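Accompanying notes for the structure given below.
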Amino acid sequence: SQQGEEDPQALSIQEGENATMNCSYKTSINNLQWYRQNSGRGLVHLILIRSNEREKHSGRLRVTLDTSKKSSSLLITASRAADTASYFCATESGNTGKLIFGQGTTLQVKP
Amino acid sequence: SQTIHQWPATLVQPVGSPLSLECTVEGTSNPNLYWYRQAAGRGLQLLFYSVGIGQISSEVPQNLSASRPQDRQFILSSKKLLLSDSGFYLCAWSDGVAGGRTDTQYFGPGTRLTVL
């Protein structure tokens with residue numbers, strides 16, 4: 001069964017606006033990660049937040065984690081056309097050594 | 001620095017033909033290795049993962065198999081391809097974390113497989 005579910009499935013904004021994507025999951029986690037995928041390419045790791053952390057920043061990215069609600073959000077501030085891509089959350093649970101990915105949010109940033 | 005290679009980049013194969021996709025990692029030792037499949041417009045489905053040479057865990061029943069003949073080599077195979085095997089195949093590695101956990105995964109460029 002799918003662990004992470006992103007919302008919305010698709011998002012279209014103008015350059016300069018902020019983009020917010022949400023991820024919900026079902027079981028307790030060790031960490032939650034966000035990845036980016038440009039069309040037809042491999043995934044690139046953006047940021048990892050551990051279960052004992054509530055917020056993390058990396059450049060124009062801000063990730064929050066609410067373990068009580070089993071949800072996370074990714075905020076991209078001052079978006080650029082180059083941010084156009086699909087964004088996936090992934091969770092790691094237990095001692096499985098594996099990540100479970102959501103279905104992704106497709107972000108389009110219009111110049 | 002670490003790098004991950006996948007080949008071929010694209011592949012068109014007839015139904016019933018065999019398959020061999022290769023993934024190699026450089027610059028690290030004893031990595032966890034992963035094979036994922038991605039259908040068009042969808043998320044990633046974990047197919048196999050390996051925490052060491054000869055150790056393969058299968059996530060979904062299918063006509064695919066995986067092998068890890070060397071520490072940094074991961075191979076995805078099939079004896080007879082099905083139409084449903086078409087997709088984008090991604091290999092990834094991560095450092096093995098004590099206790100069998102994983103942190104960041106690093107992905108290869110992927111192989112686009114079309115079965116006709």
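Small disclaimer: the values here were computed from a predicted structure and weren't measured. A note on names: the letters A, B, ... follow the listed sequences, proteins ahead of strands, and every chain is numbered from 1.
- Proximity to chain A is absent for every atom of Gln45(B), based on heavy atoms less than 4.5 angstrom apart.
- Residue Gln37(A) touches chain B through its side chain alone, counting heavy-atom pairs closer than 4.5 Å.
- For Phe107(B) and Tyr35(A), the ring centers are positioned less than 6.0 Å apart.
- The greatest number of non-hydrogen atom pairs below 4.5 Å with chain B, out of Gly40(A), Ser86(A), Ser39(A), is found for Gly40(A).
- Under a hydrophobic-cluster definition in which Ile, Leu, Val, Met, Phe, Trp and Tyr are linked whenever side-chain heavy atoms come within less than 4.5 Å, directly or via other members, Trp35(B) and Leu113(B) are assigned to the same cluster.
- The cationic atom of Arg112(B) (NZ for Lys, CZ for Arg) lies less than 6.0 Å from the six-membered ring centre of Phe88(B) and within 45° of the ring axis.
- Taking the charged nitrogens against the carboxylate oxygens, Arg54(A) and Asp66(A) have no contact shorter than 4.0 Å, which rules out a salt bridge.
- No side-chain N or O of Arg60(A) forms a donor-acceptor pair with one of Thr77(A) less than 3.5 Å apart.
- Only the side chain of Tyr36(B) comes within contact range of chain A, with at least one heavy atom under 4.5 Å from a heavy atom of that chain.
- By the 4.0 Å N-to-carboxylate-O rule, Lys26(A) lies too far from Glu5(A) to be salt-bridged with it.
- Between the side chains of Ser51(A) and Thr67(A), no donor-acceptor pair is found at a separation under 3.5 Å.
- Under a 3.5 Å cut-off, the side chain of Ser67(B) and the backbone N or O of Pro69(B) do not form any donor-acceptor pair.
- For a heavy-atom cut-off of 4.5 Å, chain A lies close to no residue in residues 15-31 of chain B.
- With a 4.5 angstrom heavy-atom cutoff, Gln6(B) does not touch chain A via any of its atoms.
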